[in-house]
Amino acid sequence: MKVCEHLKRANGKTLFTIEILPPLKGENIRNLFDNIDPLMEFKPPFIDVTYHREEYVYRKKDGGLLEKSTTRKRPGTVGICAAIQNHYKVDTVPHIICGGFSKEETENALIDLNFLGVDNILVLQGDAIKSEARFVPEPDGHRFASELLEQVVKMNKGIFLDDELQNTTPTDFCIGVAGYPEKHFYAPNLKTDLKYLKLKVDLGAEYIVTQMFFDNKKYFEFVDKCREAGINVPIIPGIKPLTGKGQLTILPKTFHIDIPEDLADEAEKCTDNKAVKELGIQWCIEQSKELIKAGVPTLHFYSMGKSDPIFRIAKALF
Ligand SMILES: Cc1cc2nc3c(=O)[nH]c(=O)nc-3n(C[C@H](O)[C@H](O)[C@H](O)COP(=O)(O)OP(=O)(O)OC[C@H]3O[C@@H](n4cnc5c(N)ncnc54)[C@H](O)[C@@H]3O)c2cc1C
């Protein structure tokens, strides 16, 4: 079933949903299921699965020379979606990115997903390759999420890349996109960023999932600004608990977000990461309570490979 249907059927009740990462190459899918199993108690109607593009790796050769190659450390997004749907009978939302894909490869991936009975996709530009300063599209790929979205919308109308194809069967994907309460880091300002977010919605995105935030005020202001800009689709808040002191610097650096002063000050006072995790869980519970009170469609938790803090939070809320 489509995400939009799930949101409609919830009838104003806030749902519990999660985003998971494919396991590292070589790991067993059982480990992933062990992580998801406890969260099934809270009946997530859909699970997002991230997509991770290739990275450059350098290996030392005889004589000390470095050999450069590429590898994908977390492959398996499409297979994991099918495995989750099969194992838990829960809908999945694979993330589909522009980076590393030609239009033809995108089309083929969407055909696979369609055949596997996946009804949803989150359409994204995707992260830049780790060692590259900026996102670089493939020569025959898409630069922006809006361009990739246009390709999916066309496929939903039965229009494939080969315009000589006859009697095609249209796909029927429900399309989500990303939004940034604290502005996307490439955007010169929030107004410009919202202009492109509106473009994605005007082209056919049916809902928005936000980047993580630790201050609900940022989310509420973002929703207000979206509505003023004429963006009227559901805006799903993405959240995660702080679980270690190192995240005080890693999260702002990686995701271009702020950690509120109160939370950062309290975390600094903690003597170990166990205490930071406890603080982070309590902060996230309070954040979630306020978001539920405001009637958000679903609380979407970024699990980042660890379900135990999410379990504690969900247990306190649902
Ligand atoms: C909920 C969520 C899930 C994510 N999942 C993944 C994942 O699974 N894998 C992964 O690699 N990354 C993921 N990301 C990261 C995301 O891919 C990066 O943040 C990326 O840099 C931006 O993606 P986007 O889809 O928002 O890009 P876009 O919507 O393409 O926007 C990118 C930037 O370009 C600007 N822009 C957009 N359109 C235009 C235009 N036509 N002309 C000029 N400027 C424009 C925007 O303002 C923005 O600054 C996720 C992010 C979020 C919030």
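Atoms within a ligand are numbered from 1 in the order they appear, just like the ligands themselves. Only heavy atoms go into these numbers, but all of them, side chains included; no hydrogens, no water, no symmetry mates. Predicted model, so just to flag it, every value in this text is computed and none were measured.
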Practice item. Look at the side chain of Tyr186 and the backbone N and O of Phe135, then say whether any donor-acceptor pair between them is shorter than 3.5 Å. Key: yes
Check your understanding: Taking heavy atoms and a distance under 4.0 Å, where does Phe255 meet ligand 1: side chain, backbone, both or neither?
Key -> neither
Practice item. Return yes when at least one protein heavy atom is under 4.0 Å from atom 11 (O) of ligand 1, and no when none is. Key: yes
Check your understanding: Considering only the protein, which heavy-atom contact is closest to atom 35 (C) of ligand 1, and what is its distance?
Key -> Tyr196 CD1, 3.9 Å
Review point. Taking atom types as modelled and ignoring hydrogens, do the side chains of Thr92 and Gln85 form a donor-acceptor contact shorter than 3.5 angstrom?
Key: yes
**Study point:** ligand 1 contact on Phe135 by region, counting heavy-atom pairs under 4.0 Å
**Key:** neither
Point to revise | Winner among His184, His95, Arg74 once heavy atoms are compared against atom 8 (O) of ligand 1 | key: His95
Practice item. Work out which heavy atom in Leu148 is nearest to a heavy atom in Ile97; give both atom names and the distance. Key: CD2-C, 3.7 Å
Review point. What are the atoms of ligand 1, with element, lying closer than 4.0 Å to any heavy atom of Ala187?
Key: 47 (O), 49 (O)
Review point. How are the rings of Phe213 and Tyr219 set relative to one another: parallel (under 30°), tilted (30 to 60°) or perpendicular (over 60°)?
Key: parallel
Check your understanding: Would you say Lys200 and ligand 1 have an N/O pair spaced under 3.5 Å apart?
Key -> yes
Review point. Purely on distance, is any nitrogen or oxygen of Phe185 under 3.5 Å from one on ligand 1?
Key: no
Exercise for review: List the steps, then state whether salt bridge (Lys or Arg N to Asp or Glu O under 4.0 Å) holds for Arg30 with Asp34.
Suggested key: CA-CA 6 Å; Arg30 190 61 249 173; Asp34 287 347; 3.2 Å; yes
Review point. Is the closest N or O pair between Glu19 and ligand 1 shorter than 3.5 Å?
Key: no
Review point. For Tyr302 and ligand 1, does the shortest N/O to N/O distance drop below 3.5 Å?
Key: no
Point to revise | Glu150 and Lys154 ion-paired at < 4.0 Å | key: no
Check your understanding: So, Ser102 versus Asp140: side-chain donor-acceptor pair below 3.5 Å or not?
Key -> no
Point to revise | Aromatic contact, Phe101 with Tyr51 (centres under 6.0 Å) | key: yes
Practice item. May I ask you to decide whether Glu67 forms a salt bridge with Arg59, counting only side-chain N to carboxylate O separations under 4.0 Å? Key: no
Exercise for review: Tell me which protein heavy atom sits closest to atom 52 (C) of ligand 1, plus the residue, atom name and distance to 0.1 Å.
Suggested key: Ala178 CB, 3.7 Å
Practice item. Assign the ring pair Phe16 / Phe318 to parallel, tilted or perpendicular, where the plane angle (0 to 90°) is split at 30° and 60°. Key: perpendicular
Practice item. Indicate yes or no: does an N/O atom of Asp127 lie under 3.5 Å from an N/O atom of ligand 1? Key: yes
Review point. Backbone, side chain, both or neither: what part of Phe144 comes under 4.0 angstrom of ligand 1, heavy atoms only?
Key: both
Check your understanding: Nearest protein heavy-atom contact for atom 32 (C) of ligand 1: which residue, which atom, what distance?
Key -> Gln125 OE1, 3.7 Å
Point to revise | Ion pair check, Lys218 and Glu182, cut-off under 4.0 Å | key: yes
Review point. Among protein heavy atoms, which lies nearest atom 17 (O) of ligand 1, and at what distance?
Key: Gly126 N, 2.9 Å
Check your understanding: Which heavy atom of the protein is the closest neighbour of atom 9 (N) of ligand 1, given with residue, atom name and distance?
Key -> Tyr51 O, 2.8 Å
**Study point:** Polar atom proximity, Tyr180 to ligand 1 (N or O, under 3.5 Å)
**Key:** yes
Check your understanding: To which protein heavy atom is atom 30 (O) of ligand 1 closest, and what is the distance rounded to 0.1 Å?
Key -> Ala145 N, 2.8 Å
Study note, to complete from the structure: Among non-hydrogen protein atoms, atom 13 (C) of ligand 1 lies closest to Leu124 CD1, 4.0 Å
Review point. Counting heavy atoms not belonging to Arg227, are there more than 12 under 6.0 Å from its CZ?
Key: yes
Point to revise | Residues forming a ring pair (Phe, Tyr, Trp, His ring centres under 6.0 Å) with Phe214, sequence neighbours excluded | key: none
Point to revise | Contact atoms of ligand 1, heavy-atom distance to Thr50 under 4.0 Å | key: 8 (O)
Practice item. Apply the test salt bridge (Lys or Arg N to Asp or Glu O under 4.0 Å) to residues Glu266 and Lys269: give CA-CA distance (whole Å), side-chain angles for both, the deciding distance (0.1 Å), then the verdict. Key: CA-CA 5 Å; Glu266 286 305 311; Lys269 283 188 218 152; 2.9 Å; yes
Exercise for review: Kindly confirm or rule out an N or O of Asp193 lying under 3.5 angstrom from an N or O of ligand 1.
Suggested key: yes
Check your understanding: Is ligand 1 less than 4.0 angstrom away from at least one heavy atom of Gln211?
Key -> yes
**Study point:** Heteroatom proximity flag, Leu122 to ligand 1, N/O under 3.5 Å
**Key:** no
